[in-house]
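Everything on this sheet refers to the single structure shown next.
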Amino acid sequence: MTGQLNVLLKKEVFILNDKKIISAIINRDEQMLASVVRKYSKLLWKIAAPILINAASVQDVEECVADVFIHLWQCPEKYDPDKGRLPAWLSVIARSKAIDRYRQIIRKRELSMEEIVAESPVYAEIAATDAENERLLSCIGELDEKEKELIIRRYYYEQKPAEIAVVLDIPKKQVENKLYYVRQKLKKMMENQEGEQSHEKI
């Protein structure tokens, strides 16, 4: 009973502290914001960095973390202490902003499937010849956006399933299963294309 009471009391203290922080920021207390930045920067960095790894610079990660605190400063009233702790809320925002920034970077680079095939040696397990690469490019173009994102993250940026799991917020095993499924789907699509081309030659 005593242990449960201590847990409840600690939780209540944390909630009161979070409310105090938000109240101070609503009243434009810059020192309080600076204190929050010092306290939670490392936490938010650990959330943003794995999502942006291999696709962005350290500066991009820093800017992403800074964006979270800017959001806190501009919209402190959006935090609801009844729904969770302040660090959890900031973490959700950090993850969302990191994913948005990642997608913006990808769009700016406008990666072509030709670049992916040319630069990623891992694709050798799917295609080995120029003719196969051409079929592969065609088949990748027919994948849906989520499948393409998996392929780009794993085979172009060479992110590990565990890293992809963090980004997509799904279990690592599910990432591995999805990657296996997409590889098998690509192989089948390529075999079908090869069969159609052979039939046309007859």
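Values below: all heavy atoms of this structure, side chains included; hydrogens, waters and symmetry mates excluded.
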Say whether Val92 and Leu43 are linked into one hydrophobic cluster, either directly or through other cluster members, by side-chain heavy-atom distances under 4.5 angstrom.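 As far as the 4.5 Å side-chain criterion goes, Leu43 and Val92 are not connected within one cluster.
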What's the shortest heavy-atom distance between Ala98 and Leu52, and which atoms?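 Minimum heavy-atom contact is O-CD2, 3.5 Å.
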Residue pair Pro171 / Ala165: nearest heavy atoms and the distance that separates them: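 Looking at all heavy atoms of both residues, the closest pair is C-CB, 4.0 Å.
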Residues two or more places apart in sequence or in another chain: which of them pass side-chain contact (heavy atoms from CB on, under 4.5 Å) with [X]?
X: Ala94; value: Leu44, Ile47, Val68
X: Lys78; value: His71, Cys75, Trp89
X: Asp144; value: Lys146, Glu147
X: Ile70; value: Asp67, Gln74

What I'd like to find out is whether the side chain of [X] reaches to under 4.5 Å of the side chain of [Y], using heavy atoms alone.
X: Tyr79; Y: Asp18; value: yes
X: Val175; Y: Tyr180; value: no
X: Val61; Y: Ile51; value: no
X: Lys187; Y: Cys139; value: no

Glu145: which residues meet the salt bridge (charged side-chain N to carboxylate O under 4.0 Å, His left out) condition with it, sequence neighbours left out?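 Partners of Glu145 under the salt bridge (charged side-chain N to carboxylate O under 4.0 Å, His left out) test: Lys148.
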What's the spacing between [X] [atom1] and [Y] [atom2] if we round to 0.5 Å?
X: Ser35; Y: Ile21; atom1: OG; atom2: CD1; answer: 6.5 Å
X: Ile99; Y: Cys64; atom1: CD1; atom2: SG; answer: 9.5 Å
X: Leu168; Y: Gln174; atom1: CG; atom2: CD; answer: 9.0 Å
X: Ile93; Y: Leu72; atom1: CD1; atom2: CG; answer: 7.5 Å
X: Ile164; Y: Glu176; atom1: CD1; atom2: CD; answer: 9.5 Å
X: Arg154; Y: Gln159; atom1: CZ; atom2: CD; answer: 9.5 Å

Other residues, nucleotides, ligands: >12 heavy atoms within 6.0 Å of Lys185 NZ: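 Check passes, neighbour count above 12.
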Using the side-chain contact (heavy atoms from CB on, under 4.5 Å) definition, which of the options Ile140, Leu143, Asn177 pairs with Val182?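 Option passing the side-chain contact (heavy atoms from CB on, under 4.5 Å) with Val182: Leu143.
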Ion pair Arg153/Glu149, N-O distance below 4.0 Å: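 A salt bridge is present here (some side-chain N lies under 4.0 Å from a carboxylate O).
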Listed once per pair and sorted, the salt bridge (charged side-chain N to carboxylate O under 4.0 Å, His left out) pairs that draw on residues 37-60, sequence neighbours left out: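 Found Asp60-Arg101.
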Residues which pass side chain to side chain donor-acceptor pair (under 3.5 Å) with Glu77, listed by chain and number, not counting sequence neighbours: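 None.
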Got a donor-acceptor contact below 3.5 angstrom from the Ser41 side chain to the Val37 backbone?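 Answer holds: yes.
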Counting only pairs under 3.5 Å, give me each side-chain donor-acceptor contact of residues 22-33, with atom names and distances, residues two or more places apart or in other chains.
{"from": "Asn27", "atom 1": "ND2", "to": "Ser23", "atom 2": "O", "distance (Å)": "3.0"}
{"from": "Arg28", "atom 1": "NH1", "to": "Ile25", "atom 2": "O", "distance (Å)": "3.1"}
{"from": "Arg28", "atom 1": "NH1", "to": "Trp73", "atom 2": "O", "distance (Å)": "3.0"}
{"from": "Arg28", "atom 1": "NH2", "to": "Trp73", "atom 2": "O", "distance (Å)": "3.1"}
{"from": "Asp29", "atom 1": "OD1", "to": "Gln31", "atom 2": "N", "distance (Å)": "3.0"}
{"from": "Asp29", "atom 1": "OD1", "to": "Met32", "atom 2": "N", "distance (Å)": "3.1"}

